[in-house]
Structure formats: structure tokens, C-alpha cells
Amino acid sequence: QVQLVESGGGLVQAGGSLRLSCAFSGRTFSDYAMGWFRQAPGKEREFVAGIVWNGNRTFYADSVKGRFALSRDNAKNTVDLRMTSLKPEDTAVYYCAARQFVFTTAPAYDFWGRGTQVTVST
């Protein structure tokens with residue numbers, strides 16, 4: 001069974017930066033594409049960023065392109081989401097997710113973390 005543990009959320013002012021990390025355990029990390037999703041109160045969970053198994057390709061929602069950067073370290077079993085130029089509309093619970101083999105932007109992932117809160121103040 002895969003376990004995903006997110007860290008790095010918190011409160012930041014608009015224009016600031018945060019780095020979210022996700023630690024993966026339980027299976028072979030390089031067998032999994034990884035994604036970050038977020039969910040704001042009253043809204044559906046939405047795709048934020050994703051990365052294929054070897055890190056060679058990354059994908060971003062239009063709303064975060066140019067501001068967020070996703071990377072993974074297959075030796076450490078971690079994936080990092082660096083968020084810059086944060087906006088109040090980025091406020092949400094951010095979830096790390098793992099999907100075996102094939103990447104997708106849909107929330108059709110095999111395993112999910114519990115989430116970490118990101119709050120961006122004006």
C-alpha cells in the first residue's frame with residue numbers, strides 16, 4: 001500500500017512563496033506518475049501540476065503556469081511543488097497523488113495524501 005505524506009503548507013502573503021513536499025512510501029516510486037491537486041471550500045478538486053515517472057515531463061494548470069514548478073527525486077522518493085507569486089485564489093488544501101504508470105490530469109489517481117493547507121492573504 002502506498003502512503004503519501006504532504007508537508008510545507010502554511011500562511012503566506014500574496015506575492016510570497018511556499019514549497020510543498022510529498023514523501024512516497026510502500027511501493028516502487030518510479031512506477032508512479034505524481035500529481036498535485038487542490039480543493040478550495042465549496043469547489044471541486046482541481047488539477048494543479050503533474051510529473052511523469054522519470055521527471056522528464058511536467059504538466060501545469062493554466063492558472064499556475066509560470067508560477068509553480070514541480071520536480072521529483074526518485075532516489076529520495078519525494079516530489080516537490082515550488083510555488084511562487086502566490087495569489088489569494090491559490091488558497092486551498094493541496095493534495096499529493098500517485099497513479100501507477102500513466103499520467104493524467106483527471107483526479108483518477110490510485111493513492112492520495114491527506115492534504116496540506118495553503119492560505120494566501122491579501
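- Residues in residues 30-94 take part in no disulfide bond (SG atoms under 2.5 Å apart) pair, two or more places apart or across chains.
- The nearest pair of heavy atoms linking T84 to R67 is OG1-O, 2.7 Å.
- Partners of Q3 by side chain to side chain contact (heavy atoms under 4.5 Å, CB included), not counting sequence neighbours, listed by chain and number: S25.
- Residue pairs satisfying the side-chain hydrogen bond (donor to acceptor under 3.5 Å, both in side chains) criterion with at least one member in residues 93-112, sequence neighbours excluded, are listed as follows: R38-Y94.
- Hydrophobic clustering keeps V64 apart from F47 (ILVMFWY residues linked when any side-chain heavy atoms are closer than 4.5 Å, directly or through intermediates).
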Return all side-chain donor-acceptor pairs below 3.5 angstrom for residues 4-18, not counting sequence neighbours, or 'none' if the list is empty.
unit_1	atom_1	unit_2	atom_2	d
E6	OE1	R114	N	3.1
E6	OE1	G115	N	2.9
E6	OE2	C96	N	2.9
E6	OE2	G115	N	3.2

Report task. Starting from the C-alpha separation in whole Å, work towards a yes-or-no answer on side chain to side chain contact (heavy atoms under 4.5 Å, CB included) for D90 and M83. Result -> CA-CA 10 Å; D90 294 319; M83 307 185 295; over 6 Å; no
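- Among pairs with a residue in residues 21-30, none fulfils salt bridge (charged side-chain N to carboxylate O under 4.0 Å, His left out), at least two apart in sequence or across chains.
- For residues 48-59, no residue pair satisfies the side-chain hydrogen bond (donor to acceptor under 3.5 Å, both in side chains) rule, not counting sequence neighbours.
- With T78 contributing its side chain and A23 its backbone, the two residues share no donor-acceptor pair below 3.5 Å.
- Summarising the geometry, atom CZ belonging to F24 is positioned 9.5 Å from atom CG belonging to N74; distances are rounded to the nearest 0.5 Å.
- Every pair tested for salt bridge (charged side-chain N to carboxylate O under 4.0 Å, His left out) that includes a residue from residues 68-78 fails, sequence neighbours excluded, so the list is empty.
- Taking hydrophobic clusters as Ile, Leu, Val, Met, Phe, Trp and Tyr residues chained together by side-chain heavy-atom distances below 4.5 Å, V93 does not share a cluster with V79.
- Applying the disulfide bond (SG atoms under 2.5 Å apart) test to pairs two or more places apart or on separate chains, none has a residue in residues 47-90.
- The same ILVMFWY cluster, assembled from side-chain heavy atoms under 4.5 Å apart, contains both F29 and W36.
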Report task. Apply the test side chain to side chain contact (heavy atoms under 4.5 Å, CB included) to residues S63 and K87: give CA-CA distance (whole Å), side-chain angles for both, the deciding distance (0.1 Å), then the verdict. Result -> CA-CA 10 Å; S63 59; K87 305 174 181 180; over 6 Å; no
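- Sorted by first then second residue, the ring-ring contact (aromatic ring centres under 6.0 Å, His included) pairs that include residues 57-78, not counting sequence neighbours, are F59-F103.
- For the pair A106 and F37, the tightest heavy-atom approach, listed with the atom from each and the gap, is O-CZ, 3.5 Å.
- With sequence neighbours left out, R19 forms a salt bridge (charged side-chain N to carboxylate O under 4.0 Å, His left out) with D80.
- A search for salt bridge (charged side-chain N to carboxylate O under 4.0 Å, His left out) contacts involving K65 returns D62, not counting sequence neighbours.
- Shown here are the side chain to side chain contact (heavy atoms under 4.5 Å, CB included) partners of A40, two or more places apart in sequence or in another chain: K43, A92.
- By the rule that hydrophobic residues join a cluster once side-chain heavy atoms approach within less than 4.5 Å of another member, V120 and L81 end up as members of one cluster.
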